[in-house]
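See below for the structure under consideration.
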Amino acid sequence: MTRQWPPYEMMESALVDRAQARLDKLERLYHVGQNNIWDGREVLDALIAKHGKPTLPPDKKESALKVLSILLWGELAAWAISADLAERIDDVEAKMAATSQAHDEARHFYVLRDYLRALGEPVPRLGGIGRRLLLSILETPSLVHKLIGMQLLTESNALAIFRGLVDSKIEPVLAELLPYYEKDEARHVGLGVMYLPRLLRQLSRVETAGVVAFQLRSIAMLMSAGINMHDHFRNLGIDPRKMAEYTMKLQDDVTRDMLADAPSGHGHRRRDSVRGLLNPAAGFGPRILDFLHPRGGIAARPTWHRTTMRVWKRAAAAVDRALA
Ligand SMILES: [Fe+2]
Ligand SMILES: [Fe+2]
């Protein structure tokens with residue numbers, strides 16, 4: 001009796017309310033999505049009317065098309081994955097959020113396709129590593145893997161690329177188009193933030209280890225695919241280190257949001273709700289960041305570092321070609 005005193009849960013009378021509030025927030029993703037729907041044809045037509053037919057500067061064309069190809073096929077994958085989530089998630093509120101996302105991703109895909117058609121340039125093939133990564137998220141039977149792979153890892157990387165492309169102002173139609181994407185994508189991350197903790201709590205130890213392994217594999221693929229793109233990003237005036245920092249910050253925000261949303265009171269219960277979820281910003285991330293993108297440039301680094309990077313880059317390029 002005395003051990004249970006004071007009855008802290010009395011102050012948590014809002015527990016049921018809070019659970020309800022979380023569901024409401026999840027459902028709201030759908031309604032906010034509906035209110036913010038933009039007509040892709042109208043937006044693209046208006047931008048082309050304003051700036052004229054889009055053309056890429058010759059010295060940046062190859063790099064820009066490589067990046068746009070990743071985004072195009074990434075949007076198609078996001079469309080399939082969110083439609084799959086919409087079908088398989090049981091909770092009505094999360095199902096609504098995933099359905100709204102599928103509608104957004106369809107728009108993202110066709111608008112980017114139409115933009116590329118307006119450019120009139122052939123779209124280069126997707127690199128093999130990026131292709132394998134998207135396939136692994138498409139094909140995994142696990143809802144948790146799908147949500148982590150798409151909502152957390154791929155969406156945050158895509159957001160960093162959008163930001164980089166907008167800031168680099170390669171082409172005015174694209175620079176004004178992508179902020180529409182960014183707004184939608186920020187909402188998509190919300191589904192992962194609100195729904196994942198519920199799924200993660202139910203995982204066994206073995207399943208949790210599987211989640212960690214899936215993330216490590218996905219992160220390794222993202223990094224290797226990224227290495228192949230560094231020169232292209234630099235050519236577009238996008239600093240790869242800044243982009244990686246932005247991605248890590250987004251993933252850190254997501255993890256914080258999840259913890260803030262989890263039941264309060266006991267630290268371990270909070271951590272429990274995101275167990276198995278890696279937050280690069282809190283652990284290995286900064287070290288990898290300094291290794292991949294050393295401050296002051298790779299040329300100033302010792303021989304072992306330069307050699308390792310050269311070997312990794314060459315291997316990643318070979319694997320990328322082999323898997324393409
Ligand atoms: Fe998208
Ligand atoms: Fe998305």
Side-chain angles (χ1 to χ4, degrees), residues 25-26 28-44 47 67-89 93-117 123 126 130-131 133-138 140 143-166 173-196 218 222 225 243 246-247 249-251 253-254 257-258:
K25 256 198 326 204
L26 209 41
R28 213 177 308 143
L29 287 177
Y30 174 93
H31 298 299
V32 172
Q34 176 165 323
N35 288 339
N36 292 353
I37 284 174
W38 44 285
D39 184 326
R41 293 162 304 180
E42 220 173 85
V43 168
L44 184 61
L47 287 175
V67 176
L68 289 170
S69 161
I70 295 176
L71 292 177
L72 177 74
W73 302 120
E75 295 295 354
L76 186 69
W79 181 0
I81 289 162
S82 50
D84 190 28
L85 289 171
E87 195 217 354
R88 291 179 42 202
I89 288 175
E93 298 79 11
K95 213 177 183 53
M96 286 167 72
T99 306
S100 156
Q101 181 182 343
H103 185 249
D104 288 339
E105 306 296 9
R107 178 171 58 249
H108 294 175
F109 176 75
Y110 87 74
V111 175
L112 201 51
R113 182 204 58 184
D114 291 354
Y115 172 76
L116 285 160
R117 281 183 181 161
V123 182
L126 191 62
R131 196 176 77 89
L133 173 73
L134 292 175
L135 274 175
S136 76
I137 306 171
L138 279 167
T140 171
L143 270 184
V144 174
H145 291 193
K146 258 185 217 290
L147 276 163
I148 291 180
M150 189 40 76
Q151 320 299 114
L152 301 192
L153 296 176
T154 311
E155 296 261 7
S156 55
N157 273 276
L159 273 167
I161 298 180
F162 289 145
R163 197 76 309 252
L165 281 177
V166 171
V173 173
L174 189 66
E176 279 193 50
L177 181 62
L178 291 180
Y180 287 89
Y181 283 59
E182 285 183 289
K183 257 189 247 155
D184 292 342
E185 304 298 0
R187 221 169 31 244
H188 302 165
V189 176
L191 171 61
V193 170
M194 290 181 234
Y195 192 61
L196 252 179
S218 304
L222 279 165
M243 229 173 60
Y246 186 70
T247 309
K249 191 195 164 295
L250 287 171
Q251 288 168 351
D253 289 348
V254 163
D257 281 354
M258 284 191 196

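Order of listing sets the numbers, starting from 1, for every ligand and every atom in it.
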Q: Taking the side chain as every heavy atom from C-beta outward, state whether I161 and M243 have any pair of such atoms under 4.5 Å apart.
A: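 Yes; the side chains approach each other to less than 4.5 Å.
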Q. Within a reach of under 6.0 Å around OH of Y180, are more than 12 heavy atoms found that belong to other residues, nucleotides or ligands?
A. no
Q) Taking everything shown except R41 itself, do over 12 heavy atoms lie less than 6.0 Å from its CZ? A) no
Q. Mind checking what makes side-chain contact (heavy atoms from CB on, under 4.5 Å) contact with S156, not counting sequence neighbours?
A.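 S156 satisfies side-chain contact (heavy atoms from CB on, under 4.5 Å) with T247, L250, Q251 once adjacent residues are dropped.
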Q. For the Fe ion (ligand 2), how many protein N, O or S atoms lie at less than 2.8 Å?
A. 5
Q.
I need the full list of salt bridge (charged side-chain N to carboxylate O under 4.0 Å, His left out) pairs touching residues 146-157, with sequence neighbours left out, sorted by first then second residue.
A.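 Sorted result for residues 146-157: D84-K146.
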Can you list, pair by pair, the side-chain donor-acceptor contacts under 3.5 Å of residues 72-79, counting residues two or more places apart and other chains?
from, atom 1, to, atom 2, distance (Å)
E75, OE1, H108, ND1, 3.3

